[in-house]
2 protein chains.
Amino acid sequence: MHSDVVASRSAEHRDSRESRTGGGPQLDAVSLAIIEQLQEDGRRPYAAIGKAVGLSEAAVRQRVQKLLDQGVMQIVAVTDPLTVGFRRQAMVGVNVEGDVESVADALTAMSECEYVVMTAGSFDLMVEIVCEDDDHLLDVINRRIRAVPGVRSTESFVYLRLKKQTYMWGTR
Amino acid sequence: MHSDVVASRSAEHRDSRESRTGGGPQLDAVSLAIIEQLQEDGRRPYAAIGKAVGLSEAAVRQRVQKLLDQGVMQIVAVTDPLTVGFRRQAMVGVNVEGDVESVADALTAMSECEYVVMTAGSFDLMVEIVCEDDDHLLDVINRRIRAVPGVRSTESFVYLRLKKQTYMWGTR
DNA sequence: CGCCAAGGCTGCGAAATCCGCAAGTCTCGG
DNA sequence: CCGAGACTTGCGGATTTCGCAGCCTTGGCG
């Protein structure tokens with residue numbers, strides 16, 4: 001029944017929290033299936049999940065708890081920012097001279113920066129900004145981001161319309 | 001004994017120029033508070049939420065259900081794509097000739113496009129792509145996206161490292 | 001002004017779920 | 001051969017969910 005499950009549980013708990021790029025702790029097919037269930041409905045009962053993935057309720061409970069503890073997934077409410085009062089969003093491309101990492105850390109510390117990623121290409125960093133209004137956005141971009149040491153230049157892409165936003169990784 | 005949060009029940013006369021893009025029902029302070037609770041923990045019991053926002057368990061349940069039905073929020077599991085087997089991600093800027101909307105729709109229909117937004121700036125669209133490997137990414141960008149009628153050019157920013165990814169809108 | 005419908009809230013049992021725990025199985029490695 | 005880890009089954013008790021019957025307030029309307 002739950003046979004195809006057997007995967008590598010060898011290097012499960014590696015200490016490296018930095019391993020993002022290299023691929024994190026291996027997840028077997030069952031954990032993947034559990035995550036998919038919770039991506040459809042974060043409040044689905046453990047018993048129902050167990051039935052769907054071929055595990056007992058207790059086992060699902062344990063695995064979910066572990067996935068949460070390990071930080072592999074989190075169960076949260078997500079909203080459209082516009083409906084909760086954030087009227088301006090923008091993607092900002094950043095060019096850096098010197099240490100990209102330290103700039104990224106500085107941006108990460110800003111609450112308005114919802115998403116920070118280091119990239120290859122004509123930008124070193126891409127940052128998604130969520131603001132309440134134009135003034136707020138202007139302040140963040142021109143005064144805060146450009147004030148970070150090492151930031152050479154920025155280019156902004158103000159959001160006109162959000163067309164798609166999914167959280168269905170692994171559900172394909 | 002209603003509490004602190006409920007204070008502004010009758011004073012919700014803020015200038016509600018509802019912005020079009022997200023449109024949607026005005027959220028009062030209580031619903032906001034409920035959302036914040038669920039952003040911290042999507043599985044938090046209704047009774048606990050009620051205690052926190054000053055409402056009964058049943059009332060919280062009804063409001064949450066309505067928020068879900070209305071599509072204002074969804075409760076889901078979110079993960080780091082890298083830990084679930086998607087090793088290549090990229091942000092792609094797209095320039096369009098002709099109808100931007102129809103191109104956006106075409107991209108939205110692709111399962112690999114996790115995030116699609118229409119922007120102002122040197123790109124008409126920004127698209128986040130989630131792929132399993134380099135071949136997959138190459139295929140999506142060069143063969144699928146560029147094949148969409150109206151796409152004039154694209155520029156890719158391959159993710160090197162995800163530094164921050166939050167879902168705490170409204171929790172500031 | 002009085003009446004009524006609608007929406008939102010509370011309170012309350014009943015059903016379902018969560019949670020911890022114990023005992024037994026199975027597999028993998030040392 | 002034995003221990004560790006993961007899973008299962010089973011089981012209560014605590015907690016949570018859920019449906020429903022009121023209650024109150026608001027707003028429309030004759």
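By convention in this document, chain letters (A, B, ...) are assigned in the order of the sequence lines, proteins followed by strands, and residues within each chain are numbered from 1. Keep in mind that this is a model prediction, so the values were computed, not measured.
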If we only count heavy atoms from C-beta on, is the [X] to [Y] side-chain gap below 4.5 Å?
{"X": "A:Arg43", "Y": "B:Leu38", "value": "yes"}
{"X": "B:Val94", "Y": "B:Asp124", "value": "no"}
{"X": "B:Gln74", "Y": "A:Val78", "value": "yes"}
{"X": "B:Ile129", "Y": "B:Met110", "value": "no"}
{"X": "A:Arg63", "Y": "A:Val30", "value": "yes"}

May I have the distance from [X] (atom [atom1]) to [N] (atom [atom2]), rounded to whole angstrom?
{"X": "A:Ile49", "N": "D:dT8", "atom1": "CD1", "atom2": "P", "result": "14 Å"}
{"X": "B:Gln70", "N": "C:dG7", "atom1": "CD", "atom2": "P", "result": "12 Å"}
{"X": "B:Asp28", "N": "C:dC9", "atom1": "CG", "atom2": "C1'", "result": "13 Å"}

- Query: Where the side chain of A:Asn95 meets the backbone of A:Ser122, is there a donor-acceptor pair that is under 3.5 Å apart?
  - Reply: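 Side chain of A:Asn95 to backbone of A:Ser122, a donor-acceptor pair under 3.5 Å: yes, one is there.
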
- Query: Does A:Cys113 offer a backbone N or O that forms a donor-acceptor pair with the side chain of B:Lys164 under 3.5 Å?
  - Reply: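 Checked: pair present.
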
- Considering all heavy atoms, the nearest A:Ala104-A:Met118 contact: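 Looking at all heavy atoms of both residues, the shortest contact is CB-CG, 4.4 Å.
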
- At how many degrees, to 10°, do the end axes of the helix from C:dC1-D:dG30 to C:dG30-D:dC1 meet when each uses five pairs?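 Roughly 30°, once rounded to the nearest ten degrees.
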
- Query: What is the per-nucleotide protein-contact pattern of nucleotides 14-20 of chain D, from the 5' end, where B denotes a base atom under 4.0 Å from a protein heavy atom, S denotes such proximity for sugar-phosphate atoms only, and - denotes neither?
  - Reply: --SBBB-

- Item | C:dG8 OP1/OP2 closer than 4.0 Å to side-chain N/O of B:Lys66 |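 For C:dG8, OP1 or OP2 has a side-chain N or O of B:Lys66 closer than 4.0 Å.
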
- Base, sugar-phosphate, or nothing: which does A:Ala59 touch, judged by heavy atoms less than 4.0 Å apart?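 It contacts sugar-phosphate atoms only.
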
